[in-house]
Amino acid sequence: MSSSGSPTTAKATTDENERRIEAWKEQKVVEWHKGGKLRDRFPDVNEFRAWMETQILKAKQKAATKNPNPEGVDSDGKRYRNLGEIWEKYAKNPEKGGKHEIKKDNKGQKKRRRKGLRKSECQSRTDWYQKGKRYWQNAPPTLEGVLGGFGHISPLDIQESKKFIKSLPKGVGRTRAVDLGAGIGRVASNLLLGMFSRVDIVEQDKSYVDAAKAALSKVEGIGSFDEVGLQDYKPEKGIYDVMWFQWVLGHLPDDDLVQLLSRCRAALAEGGVLVVKENMSRKGFILDKEDMSVTRTEGMFRELFIKAGLKIVKEAWQSNFPKELFPVKMFALR
């Protein structure tokens, strides 16, 4: 999971639930071909297939909401009972206090450090964000840089995203959109500018903002370029038809993410939607300690949407991505 508009390079394996779903599909196909009640109910093969996909989606949604706060693991292989342990250990809010110990640096000056953490590890919420920011400062402002070496998937990504926007409920306007955690403006350039009259860009890394400006500042329909982290982003109320988040929300701890979504909900124009397109972990969350990001499960996202007062109006899975990547899902919310 990474920031500034990029996919993950972590490998995802097929779990037991996926194997059960495939076995169920095979069983139903056999039943349908044999005739009987299932064939009588769905004589048309397309209706039968649509019914199967609907049942699978319902099963996945039910499984996703069974345990919204599962166990997880970090990139060092250490296991955690829940995501709260991650926030408590690495992203503690300063105002919430926490146990510290007094250490002296090489100049003999006393410094406070959280107990149980190495000097190189995050000591606070500020450290969490700064470490993630430093990671992206070292990634080149190019397509391959922001996509972690997976630049070749960009056309597939944009193709599915375009289908998703076209399938949104009636009433979603096409006047103004914003690309949040935009990186070099990949989504704004290849997707949003072709579908909305004005598109704004929000990105915290200066080199990425500069690259986006160099490529897009003279393009018709481009709006503002805001250099700010999403944890500090405060949009104007009631102005956006679509607010697009992609491969960026893993960098925000739960409470900051809920607050961000709440602020953005208030920024929607009438009929507008937030679109979240993120990696989905199949079994528990995964913390990447290199860029300080978390890959959440679908159930965890659904729980956060509820806390932010949002309802899902449309959802779809990204198709045709390489198998070594996490599954990617899109949600439209309001």
Side-chain angles (χ1 to χ4, degrees), residues 1-15 17-18 57 60-91 122 125 128-129 131-132 135 148 157 180-181 229-231 243-262 264-265 274-312 315-318 321 324-333:
M1 164 83 62
S2 31
S3 165
S4 306
S6 67
T8 181
T9 57
K11 185 176 182 179
T13 58
T14 303
D15 61 15
N17 287 336
E18 292 294 324
L57 179 60
K60 286 184 175 180
Q61 290 174 346
K62 185 176 180 180
T65 55
K66 275 186 177 179
N67 185 8
N69 197 16
E71 295 180 350
V73 65
D74 67 23
S75 48
D76 293 332
K78 182 177 178 180
R79 304 204 65 83
Y80 299 84
R81 289 174 296 180
N82 53 62
L83 194 48
E85 289 189 353
I86 296 293
W87 310 138
E88 177 68 22
K89 183 172 183 180
Y90 297 112
C122 295
R125 183 68 55 94
W128 172 278
Y129 284 123
K131 188 172 182 179
Y135 175 88
D157 169 62
L180 295 149
L230 294 186
Q231 68 274 16
M243 305 184 78
W244 191 276
F245 299 92
Q246 184 164 351
W247 291 321
V248 67
L249 296 182
H251 287 284
L252 277 74
D254 286 353
D255 53 351
D256 283 354
L257 176 50
V258 168
Q259 291 172 27
L260 169 67
L261 293 175
S262 298
C264 290
R265 179 166 60 93
L274 309 180
V275 176
V276 170
K277 186 170 185 178
E278 292 285 349
N279 300 317
M280 300 289 141
S281 174
R282 290 190 176 100
K283 273 191 174 181
F285 65 86
I286 300 171
L287 166 66
D288 186 335
K289 293 177 70 176
E290 187 176 11
D291 67 358
M292 302 316 291
S293 68
V294 171
T295 303
R296 294 176 170 93
T297 65
E298 183 181 345
M300 297 172 85
F301 272 110
R302 289 178 180 275
E303 187 76 8
L304 293 172
F305 297 156
I306 291 171
K307 289 181 178 179
L310 293 165
K311 292 184 178 180
I312 299 170
E315 56 188 287
W317 290 95
Q318 169 74 39
F321 266 9
E324 63 265 28
L325 299 182
F326 283 107
V328 174
K329 191 162 191 179
M330 294 170 277
F331 296 94
L333 310 136

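Only a predicted model underlies this, so the values are computations on that prediction, with no experimental measurement involved.
Judged by distance alone, the side chain of K131 and the main-chain N or O of K289 form a donor-acceptor pair under 3.5 Å. R79 contributes no side-chain N or O that, together with a main-chain N or O of V73, makes up a donor-acceptor pair within less than 3.5 Å. Checked by atom type and distance alone, the side chain of R296 pairs as donor or acceptor with a backbone atom of L249 at under 3.5 Å. A donor-acceptor contact shorter than 3.5 Å links the side chain of K277 to the backbone of D157.
Using a 4.5 Å cut-off on side-chain heavy atoms (C-beta onward), V294 and W87 make contact. Annotation: side chain of E85 is not in contact with side chain of K78 (no heavy-atom distance under 4.5 Å). L325 has its side chain out of reach of Q318: every pair of non-hydrogen atoms, C-beta onward, lies at least 4.5 Å apart. Between D254 and L304, the closest side-chain pair of non-hydrogen atoms falls below 4.5 Å. Within the 4.5 Å cutoff, side-chain heavy atoms of Y135 are placed close to those of E290. In this structure, the side chains of R125 and P253 come closer than 4.5 Å at one or more pairs of heavy atoms. In this structure, the side chains of F245 and L230 come closer than 4.5 Å at one or more pairs of heavy atoms.
Between the NZ atom of K311 and the CD1 atom of I306 there is a distance of 10.5 Å, given to the nearest 0.5 Å. Taken from CG in L310 to SG in C264, the straight-line distance is 9.5 Å, to the nearest 0.5 Å. Between Q231 atom CD and L257 atom CG the span is 11.5 Å, to the nearest 0.5 Å. One finds the CE atom of M330 at 10.5 Å from the CE atom of M280 (value rounded to the nearest 0.5 Å).
Taking both residues in full, the closest heavy atoms of S293 and H251 are given as CB-CE1, 3.6 Å, listed atom of the first, atom of the second, then distance. Here the shortest heavy-atom pairing between Q246 and E278 reads C-OE2, 3.9 Å. Residues G181 and V248 approach most closely at CA-CG2, 4.0 Å, considering heavy atoms. In terms of heavy-atom proximity, L261 sits nearest to L274 at O-CD1, 3.9 Å. Considering every non-hydrogen atom in both F301 and N279, the closest pair reads CE1-O, 3.9 Å. When every heavy atom of V328 is checked against every heavy atom of W317, the shortest pair comes out as O-CE3, 3.4 Å.
Between F285 and Y80, the ring planes lie tilted relative to each other; the angle falls in the 30° to 60° range.
Paired with P70 under the rule side chain to side chain contact (heavy atoms under 4.5 Å, CB included), one option of N82, T297, L83 passes, and it is T297.
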